[in-house]
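Computed from heavy atoms alone, side chains included, the values below leave out hydrogens, waters and symmetry copies.
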Amino acid sequence: MGDAVVSFVVGRLGDLLIEQVVFLRGVRDEVTWLKGTLTMMSCFLKDAEDKQDGDHRVRKWISDVRDVAYDAEDIIDNFILKVEEGEGTPKKMGRKDCFQKYFCICNKHASLIEQANLYGIGKEINTLKKRLEEIQRNREIFNIRDINDGRERSDPRNERLNQLQRETPYEDNELVVGFQEDVAKLMSELVEEVKHRRVISIVGMGGLGKTTIARKLYNNNSLREKFDCYAWVSVSKDYNIQNLLQKTIKSFTKPTSKEEFEFLEKMKELDDLEAHLRKYLEGRRYLVVVDDVWDLNVWASLRRAFPDNKNGSRVIMTARSKTIAEHCDEIPYVYERPFLKEEES
């Protein structure tokens, strides 16, 4: 089982971080990153194993993760062996004695701060890092899910509440901290004098505030005044393109009568929905937020309905995957949401 291999290596990396604390000072961040990334990958292996019978690419993905885990284990073993051989550490020496020995060695030889890099572990981990980044991009392309994700195991009522909150972009908490610089930077991109339609993407892991930033931009009156119409549509994992188009039309047109609402409800054909939205937007300068995109195909399906009127229309997209954002426009603008600064935290 691929997850058993990865879990074992994660445990070894944890032990390495504890036991070789002195020698790892030069590459501790790299080892921590490797441990964290392999831990994250293990969350996706069950879904990948369930899908592998129907897709040889997924089987290859599992094999790639397993190979990286084995290579990481080899790096650990080689590093420990070189440390013991290089400094003559008795194998039966207790952990406390080992630490004192290493501490004395480091006081005696200041250059040992870089000892781990001399043993090559830093360079080898950087090589693994590049492979893992490619594996992660492929995971997003193959739509391999984290079966432990809170969305998957949450109560259906809570899931519906979360969806309703996403679809209501009008509540804005002014007490939220840490987004002023993000909003200012994105605002300058949105109002830049570029005539063609632009897609501005906000990407980052779950919980970093991508939707909050998009909501602050969407609710900014000075920004709204620059557009003829605006809309907010929430996508999420389980989407239906016809439903998305219906929701987008309703958000733009805001039907007020029962007849208008029923007319849109009865419109089910994809071509009709696309034509209706495109006709409404033709000639208008529009702003639309496409929130919580998980799939490469979402924008590819929606873009036909959003005409490029060469009048400065803008699309704000939020997504966890940078790969999705980079493929949504000819010249994409991708803003990676950073973690909070220390004082903000």
For the residue pair Trp232 and Phe252, is the inter-centroid distance of their aromatic rings smaller than 6.0 Å?
no

Could you give me the CA-CA distance, side-chain angles and deciding distance for Lys247 and Leu244, then say whether side chain to side chain contact (heavy atoms under 4.5 Å, CB included) is met?
CA-CA 5 Å; Lys247 288 193 294 184; Leu244 286 182; 4.0 Å; yes

Rounded to the nearest 0.5 Å, what separation is found between the OG1 atom of Thr127 and the NZ atom of Lys129?
11.5 Å

In terms of heavy-atom contacts, Val290 and Val235 come closest through CG1-CG2, 3.6 Å

Closest non-hydrogen atoms of Tyr239 and Ile241, given as atom of the first, atom of the second and distance, are CD1-N, 4.0 Å

Would you mind telling me which of Leu190, Ile200, Val199, Val289 makes a side-chain contact (heavy atoms from CB on, under 4.5 Å) with Val315?
Val199

Picking from Lys130, Gln136, Arg137, what satisfies side-chain hydrogen bond (donor to acceptor under 3.5 Å, both in side chains) with Glu134?
Arg137

Consider only side-chain N and O atoms of Asp291 and Thr318, and report whether a donor and an acceptor are under 3.5 Å apart.
yes

Is Thr37 reaching over with its side chain to a backbone N or O of Leu34, donor-acceptor style, under 3.5 angstrom?
no

Less than 4.0 Å between a side-chain N and a carboxylate O, is that true for Glu189 and Arg314?
no

Between Lys322 and Val334, is the side chain to side chain contact (heavy atoms under 4.5 Å, CB included) condition met? List the steps.
CA-CA 8 Å; Lys322 187 177 180 180; Val334 181; 4.2 Å; yes

Determine the minimum heavy-atom distance between Asn309 and Ser313, stating which atoms define it.
ND2-OG, 4.5 Å

Is the shortest side-chain heavy-atom distance between Gln242 and Met267 below 4.5 Å?
no

For Ala214 and Ile316, which heavy atoms make the closest approach, and how far apart are they?
CB-CG2, 4.3 Å

Does the Asp292 side chain pair with the main chain of Ser234, one donor and one acceptor, at a distance under 3.5 Å?
no

Donor-acceptor pair, Glu274 side chain versus Arg304 backbone, under 3.5 Å?
no

Do you know the tightest heavy-atom contact between Tyr333 and Leu186?
CE2-CD2, 4.0 Å

Would you call Arg66 and Asp64 a salt bridge, taking side-chain N to carboxylate O under 4.0 Å as the test?
no

Do Val203 and Val288 belong together in a cluster built from hydrophobic side chains that touch within less than 4.5 Å?
no

Candidate pair Asn311 and Lys195, rule side chain to side chain contact (heavy atoms under 4.5 Å, CB included), full reasoning:
CA-CA 5 Å; Asn311 59 1; Lys195 295 300 182 182; 5.9 Å; no

Without swapping roles, check the side chain of Lys210 against the backbone of Arg320 for a donor-acceptor pair under 3.5 Å.
no

Would you say the side chains of Asp228 and Tyr286 form a donor-acceptor pair under 3.5 Å?
no

Which heavy atom of Ile249 sits nearest a heavy atom of Leu273, and at what distance?
CD1-O, 3.7 Å

Does Tyr280 form a side chain to side chain contact (heavy atoms under 4.5 Å, CB included) with Cys229? I'd like the steps, not just the answer.
CA-CA 10 Å; Tyr280 175 81; Cys229 55; 4.1 Å; yes

Side-chain (Asp295) to main-chain (Val298) donor-acceptor, under 3.5 angstrom
no

